[in-house]
Amino acid sequence: MKPLLLTILCVFIFTACGQKKKKDTTEINHSQGEKIEIKYAKGFSIQDFGDYKLIDVQDPSGESELKYQYALIPQGTHPTNIPSEYLKVETPVRSVICMTSLQISNFIKLDAVDRITGITSTRFLFNEEINKQLEEKKTHKIGIEGDFDSELVIALNPDMILVSPFKRGGYDAIRNLEIPLISFLGYKEVTPLGQAEWIKFTAALLGLEDEANVKFKAIEDRYLELKALVENVEKRPTVLSGELHSGNWYVVGGESYLAQLFRDAGAQYFMKNDNESGGFYVDFETVYSQGAEADFWRIVNSYNGDFSYDILKQTDGRYADFKAYKEKKVIYSNLREVPFYEQTPVEPEVILADLIKVFHPTLLSDHEAVYYKLLTQ
C-alpha cells in the first residue's frame with residue numbers, strides 16, 4: 001500500500017474510533033443517572049445526573065403510547081450531553097399557570113401557591129391564599145380550555161404551563177407562545193398513592209424535592225396503616241357510584257382509581273369485574289341491573305342547598321328503588337361545601353379514613369368526616 005494512502009486510512013480509522021468512543025461515553029453517562037424513587041406513580045420517572053435531571057412522562061393508564069420528555073436545568077447553568085429530544089426547562093420554576101384543581105392541589109401541599117401566576121377557573125376554589133392572590137392581581141384567570149386569553153398569558157410570562165394533554169379542550173392558542181407546556185398526567189393514575197406521588201414531579205420543577213419526600217412519606221404511612229386496618233374484615237359492602245346526567249350515567253371501570261380506593265377501604269365497587277381503568281357512559285338499566293342492590297351509594301355533586309333523600313328522589317323517582325336509598329346509605333360530598341378537587345388528590349389517606357368510617361364504623365369510631373359523610377335525611 002502506498003505510504004500516503006496508508007496514512008489517510010490510519011487517520012480515518014483513528015477518527016472513527018474516537019467518535020465511536022465519544023458516543024459510547026455519552027451513553028454510559030446517561031445510564032449512570034441516579035433514578036429517583038417513585039413507588040406508586042406509573043406516569044413519570046426521574047433521573048438525576050447531578051447537574052441536570054431528566055423526566056419521562058407517559059400515560060399511567062396505558063391508554064396512550066405518547067411520551068413527554070423534559071430536562072430540568074438549574075438556572076444559569078449549561079450542562080452538556082442532554083439528549084436532543086428532551087425539552088429544556090430552567091429550574092426552580094418561579095411562575096406557573098395551572099389548568100386543573102389537581103395541579104393546584106400539589107402547590108397547596110407544597111406550600112407553593114405563591115408561584116401560581118394563572119388559573120383557568122375559580123369555581124369551587126376554597127384556598128384562602130390563592131383567592132387573596134386573585135384579589136391582589138398576583139394570580140389571574142386566563143379563561144377556559146379552548147378559549148384562553150393569549151394576550152394575558154403573554155403578559156404573565158410564566159416559566160411554564162401545566163397541561164392535561166388527553167383532556168378535551170384546545171391548547172392551540174397558547175401552543176406557539178414559546179412558553180413550555182408541561183404535561184401533568186396525575187389524574188390518570190389508577191391508585192390513590194400513585195396520584196398523590198405526583199407531588200414529587202411538581203417538586204422537581206419547583207426545587208422542593210426534600211419537602212415533597214417528607215410530605216409524601218407521611219401520606220403513604222398513614223394510608224398503608226389505614227389499609228391494613230381493614231385487611232381482615234369479613235364483610236366487604238358493595239358500593240354504587242354516580243348519578244344520571246342527561247339520560248346517561250358516568251361510571252369508571254373496575255381497575256380505576258375509585259375502585260382501588262373502595263378496595264383499600266374494605267369495600268367493593270359495583271363494577272369490580274369490569275377491567276377498564278377509565279370512565280364511560282352507560283344507561284340507567286345497566287346501572288340498575290348491577291347496582292340496585294349495592295349496600296352503599298357514593299354521590300359527589302354541587303347541589304345549591306341542603307341535599308337530601310327527598311331531593312334525590314325528585315331528581316329521578318327510580319332512585320327510590322335502590323337498596324342504598326331505602327336504607328339511607330348514601331355517601332355524599334358537596335363540592336360547594338368542601339375543597340374536594342383542590343385537596344383530595346394529595347390527601348388520599350383522609351379520603352380513605354372517611355370511607356372506612358362509613359363502611360366499618362367501629363374501626364375508626366373517633367374519626368371526624370372531612371370530605372365524605374353519610375347522608376342521614
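Reckoned from all heavy atoms, side chains included, excluding hydrogens, waters and symmetry mates.
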Parallel, tilted or perpendicular: ring planes of Phe262 versus Tyr269, cut at 30 and 60 degrees: tilted
Glu128, CD atom: more than 12 neighbouring heavy atoms under 6.0 Å: no
Sequence neighbours excluded and cut-off under 3.5 Å, please list the side-chain donor-acceptor pairs for residues 201-217, or say none.
residue	atom	partner	partner atom	Å
Thr202	OG1	Asn106	OD1	2.9
Thr202	OG1	Trp198	O	3.4
Glu209	OE2	Lys53	NZ	3.4
Asn213	ND2	Glu209	O	3.3
Lys215	NZ	Lys109	O	2.6
Lys215	NZ	Asp111	OD2	3.0
Lys217	NZ	Asp221	OD1	3.1
Lys217	NZ	Asp221	OD2	2.9

Evaluation steps, side chain to side chain contact (heavy atoms under 4.5 Å, CB included), between Tyr319 and Glu243: CA-CA 9 Å; Tyr319 287 161; Glu243 297 176 87; 3.8 Å; yes
His140 side chain vs Leu152 backbone, donor-acceptor pair below 3.5 Å: no
Side-chain (Gln75) to main-chain (Pro92) donor-acceptor, under 3.5 angstrom: yes
For Leu54 against Ala71, the heavy-atom pair lying closest together: CD2-CB, 3.7 Å
Pair Thr139-Gln133, side-chain donor/acceptor within less than 3.5 Å: yes
Tyr303 to Asn334 - nearest heavy-atom pair and separation: O-ND2, 2.9 Å
Shortest non-hydrogen contact from Phe124 toward Ser302: CZ-CB, 3.3 Å
Salt-bridge present (Asp159, Arg94; N to O < 4.0 Å): no
Side chain Thr91, main chain Val93, donor-acceptor under 3.5 Å: no
Donor + acceptor pair across side chains of Glu220, Tyr40 (<3.5 Å): yes
Centroid separation Trp297 to Tyr332 less than 6.0 Å: no
Check: Asn275/Glu255 side-chain N/O donor and acceptor closer than 3.5 Å: no
Glu285, CD: over 12 other non-hydrogen atoms inside 6.0 angstrom: yes
Show every donor-acceptor pair shorter than 3.5 Å between a side-chain atom in residues 339-347 and any protein atom, with sequence neighbours excluded, or say none if there are none.
residue	atom	partner	partner atom	Å
Glu342	OE1	Phe126	N	2.9
Glu342	OE2	Phe126	N	3.4
Glu342	OE2	Asn127	N	2.8
Gln343	NE2	Tyr371	OH	2.9
Thr344	OG1	Phe340	O	2.5
Glu347	OE1	Tyr371	OH	2.5

Polar side-chain atom of Glu197 near backbone of Lys39 as donor-acceptor pair, under 3.5 Å: yes
CZ (Phe284) with more than 12 external heavy atoms under 6.0 Å: yes
Ser246 side chain to Asn248 side chain, donor-acceptor N/O pair below 3.5 angstrom: no
Which residues share a side chain to side chain donor-acceptor pair (under 3.5 Å) with Lys329, sequence neighbours left out: none
Worked verdict on Leu162 versus Ile97 for side chain to side chain contact (heavy atoms under 4.5 Å, CB included): CA-CA 6 Å; Leu162 289 176; Ile97 289 179; over 6 Å; no
Member of Arg236, Lys326, Lys323 meeting the salt bridge (Lys or Arg N to Asp or Glu O under 4.0 Å) criterion with Asp295: Lys323
CG/Asp321: more than 12 non-hydrogen atoms of other groups inside 6.0 Å: yes
Lys200 side-chain N/O to Glu37 backbone N/O, donor-acceptor pair under 3.5 Å: yes
Flag side-chain contact, heavy atom, 4.5 Å: Leu261 against Pro348: no
Donor-acceptor contact present, side-chain Thr122 to main-chain Leu125, <3.5 Å: no
Thr77 (side chain) donor-acceptor with Ile73 (main chain) under 3.5 angstrom: no
Minimal non-hydrogen separation, Val350 against His367, with atom names: O-NE2, 4.4 Å
Side chain to side chain contact (heavy atoms under 4.5 Å, CB included) assessment of Ile104 paired with Ile130: CA-CA 10 Å; Ile104 292 174; Ile130 299 177; 3.6 Å; yes
Single hit among Phe296, Tyr288, Tyr309 for ring-ring contact (aromatic ring centres under 6.0 Å, His included) with Tyr325: Tyr309
Donor-acceptor under 3.5 Å (Asp51 side chain, Pro79 main chain): no
Whether Phe49 and Tyr52 hold their rings parallel, tilted or perpendicular, with breakpoints at 30° and 60°: parallel
Gln103 side chain vs Met99 backbone, donor-acceptor pair below 3.5 Å: yes
Test side chain to side chain contact (heavy atoms under 4.5 Å, CB included) applied to Lys373 and Ser333, step by step: CA-CA 7 Å; Lys373 63 181 180 181; Ser333 185; over 6 Å; no
Minimum heavy-atom distance between Phe107 and Cys98, given as atom pair plus value: CE1-SG, 3.6 Å
Donor-acceptor under 3.5 Å (Glu189 side chain, Ala196 main chain): no
Nearest atoms (heavy-atom pairs only) where Gly118 meets Leu156: CA-CD1, 4.4 Å
Residues Lys132 and Glu135 bridged, charged N to O under 4.0 Å: no
CZ on Phe44 to OG on Ser183, rounded to 0.5 Å: 13.5 Å
Flag side-chain contact, heavy atom, 4.5 Å: Pro158 against Val96: no
Enclosure of Glu368 CD (heavy-atom neighbours >12, cutoff 6.0 Å): no
Non-hydrogen side-chain atoms of Ile182 and Tyr70 separated by less than 4.5 Å: yes
